[in-house]
Q: 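Below is the structure I would like to discuss, written out as structure tokens.
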Amino acid sequence: MDILDLTALELGQAIKAGQVTIPEATRTALEVIARENPKNNAFITLCADRAMDRAKALQDGLRPDAPPLYGVPMAAKDNLCTQGVKTTCASKILGDFTPPYSATALERLDSAGAVLLGKVNMDEFAMGSTSETSFYGPVKNPRDLTRVPGGSSGGAAAAVAARMGWYALGSDTGGSIRQPGSYCGVTGMKPTYGAVSRYGLIAYASSLDQIGPLCRDARDCAAVLDAMAGRDRRDSTSVDGPYGNVLAQLDGDLRGVRIGLPRECFGQGLDSQVEAAVREMARALAGRGAAVEEFSLPVMDYVVPTYYILASAEASSNLSRFDGVKYGWRAEGYEDLTDLYEKTRTQGFGKEVKRRILLGTFVLSSGYFDAYYKKALQVKSVIAGAYRDAFSKYDLLLTPVAPTTAPKLGQSLHDPLKMYLSDIYTVPVNLAGLPGVSVPCGADRDGLPIGGQLIGPAMGDALVLKAADAYQQEVRP
Ligand code: GLN
């Protein structure tokens with residue numbers, strides 16, 4: 001048995017059965033990281049010694065009733081606070097910031113027996129679609145090192161694809177789990193807004209951000225979600241939803257499930273090979289008993305502008321806390337307090353982050369607030385309403401994750417507008433607060449992975465994962 005071939009749940013079982021020890025699994029992952037990281041740059045910070053100590057302690061405490069992911073080594077995106085472990089958000093401005101507490105999601109996984117291997121690379125402050133804006137250098141796609149892994153959780157997706165750990169946590173504000181999942185050929189899930197506490201997630205756009213898993217399959221996603229979901233008094237937007245036994249609901253049976261394909265997501269701009277693979281996925285879902293049909297979702301023209309106005313507005317406000325006083329890095333040679341702020345923020349933030357802060361400050365300024373920010377909020381509720389209507393007719397929706405497969409490194413950043421437009425299929429899911437999962441569903445002529453996206457109604461996370469799992473059972477060789 002090569003333990004690298006196992007899913008996270010299978011490894012958990014093998015650990016419980018005594019077929020592999022937790023230190024062995026951890027050492028194996030660390031060896032893969034040592035070999036692969038120089039190639040793909042997925043990790044910013046490695047916690048090798050800490051992980052080995054933790055692995056030994058967990059092995060000593062192993063009991064027959066241990067939780068399913070007990071002892072399984074994993075990685076966390078570097079915008080999740082980790083007590084005692086440097087957290088950079090892939091930005092110069094955070095310097096050597098080492099949080100005094102951990103994100104709730106990670107604390108809960110910790111109680112479920114997770115072994116943290118390290119912190120994974122990302123677009124600076126989670127702003128981007130390629131993982132090329134990191135202060136720590138771009139991440140490369142393990143499936144083809146000349147391509148981007150997607151973004152912003154590109155390090156998390158690359159780590160899972162390159163077997164540098166069995167699963168990873170990412171964050172998704174407008175697609176940052178699902179799209180890199182799709183580009184790297186792993187399963188990535190964005191839970192319903194509020195399902196997972198955002199406490200300890202460094203905020204990008206608070207009304208859209210969600211933490212979620214990137215895994216080898218949908219069953220692993222369900223197990224991670226079960227371990228970390230639920231109300232947390234430190235995040236007032238978190239809720240106690242129908243979580244905790246999502247895994248048990250994945251029975252592979254899609255009889256009676258109605259799946260809608262929004263016609264507007266299969267039109268102009270969509271690569272024909274991506275379209276063919278997603279339509280083939282629809283046929284496989286129908287093979288499991290689902291009733292699949294096309295329908296019209298006439299809001300797609302508005303989703304990208306609405307998202308970028310709202311996300312930038314929230315970012316400009318959230319990022320005002322990085323001023324060289326409270327956290328991380330401070331510029332040298334300043335004259336007074338204003339000069340300290342200016343120099344630190346000018347030198348500490350990268351170009352894309354500054355673009356978002358400028359755009360966000362503009363749409364919130366008194367002369368333009370009504371025309372942009374307020375209007376975008378109104379359109380957001382129209383978009384959410386269109387999805388609510390769709391879910392009165394369908395249980396799930398199926399769309400592509402992205403219009404194309406992974407672009408070449410170095411090709412996207414010079415045309416930000418084009419890059420923003422490629423987020424079209426993922427951002428409405430955040431605007432409407434819905435759960436979505438990206439499922440590998442084939443490859444293009446160059447062998448690059450393609451992803452299909454299943455979207456559910458709010459709190460429908462279990463159904464979304466059940467359909468993803470049914471599909472994976474159908475196509476598994
Ligand atoms: N690409 C989108 C953006 O740059 C989504 C990012 C995300 O989900 N964190 O805003």
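Values reported hereafter were calculated over all heavy atoms of this structure, with side chains retained and with hydrogens, waters and symmetry mates removed. This is a predicted model, so every value here is computed, not measured. Remember, it's 1-based here, ligands and their atoms both numbered in the order they're listed. Quick note: residue numbers are just sequence positions, from 1.
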Q: To the nearest 0.1 Å, how far is atom 2 (C) of ligand 1 from its closest protein heavy atom, and which atom is that?
A: Asp423 OD2, 3.2 Å
Q: Using a 4.0 Å cutoff against the non-hydrogen atoms of Ser152, which atoms of ligand 1 qualify?
A: 9 (N)
Q: For Ala126, counting its heavy atoms only, list the atoms of ligand 1 lying under 4.0 Å from any of them.
A: 6 (C), 7 (C), 9 (N)
Q: Checking side-chain hydrogen bond (donor to acceptor under 3.5 Å, both in side chains) for the pair Asn121/Ser134: CA distance, chi angles, key distance, verdict?
A: CA-CA 7 Å; Asn121 208 346; Ser134 169; 2.7 Å; yes
Q: Just checking Tyr420 against Tyr307, ring centres under 6.0 Å apart?
A: no
Q: Taking 4.0 angstrom as the limit, do Glu294 and Arg279 come out as a salt bridge?
A: yes
Q: To the nearest 0.5 angstrom, please state how far the NZ atom of Lys119 sits from the SG atom of Cys47.
A: 7.5 Å
Q: Atom CZ of Arg216 and atom OG1 of Thr187: how far apart are they, to the nearest 0.5 Å?
A: 11.0 Å
Q: Measure from atom 8 (O) of ligand 1 to every heavy atom in Gly128, Gly174, Ala311 and give the option owning the shortest one.
A: Gly174
Q: Pick one of side chain, backbone, both or neither for how Lys77 approaches ligand 1, counting any non-hydrogen atom pair under 4.0 Å.
A: neither
Q: Considering Met419, Arg356, Glu352, which one's heavy-atom position lies nearest to atom 4 (O) of ligand 1?
A: Arg356
Q: Can you tell me if Thr344 uses its side chain to pair, donor with acceptor, with the backbone of Gly324 under 3.5 Å?
A: no
Q: Looking at Asp172, which atoms of ligand 1 are within less than 4.0 Å of one of its heavy atoms?
A: 8 (O)
Q: On a heavy-atom basis, I'd like to know which of Ser176, Pro416, Ala205 is closest to atom 6 (C) of ligand 1.
A: Ser176
Q: Tell me the contacting part of Tyr420 for ligand 1: side chain, backbone, both, or neither, using a 4.0 Å heavy-atom threshold, strictly below.
A: neither
Q: Heavy-atom pairs closer than 4.0 Å: do any link ligand 1 to the side chain of Thr173, the backbone, both, or neither?
A: both
Q: Considering non-hydrogen atoms of the protein only, which is the closest contact for atom 5 (C) of ligand 1, and what is the distance?
A: Tyr307 OH, 3.4 Å
Q: Using a 6.0 Å cut-off, check whether atom NZ of Lys374 has over 12 heavy atoms from anything other than its own residue.
A: no
Q: State the atoms of ligand 1, each with its element, that fall below the 4.0 Å cut-off from a heavy-atom position in Tyr204.
A: 3 (C), 9 (N), 10 (O)
Q: Run the side-chain hydrogen bond (donor to acceptor under 3.5 Å, both in side chains) check on Thr7 and Arg219 step by step: do they pass?
A: CA-CA 9 Å; Thr7 66; Arg219 299 185 69 75; over 6 Å; no
Q: Geometry only, no angles: is Gly151 polar-contacting ligand 1 at N/O separations under 3.5 Å?
A: no
Q: Once rounded to the nearest 0.5 Å, what's the spacing between atom CG of Asp220 and atom SG of Cys215?
A: 5.0 Å
Q: What atoms of ligand 1 come within less than 4.0 Å of a heavy atom belonging to Met127?
A: 4 (O)
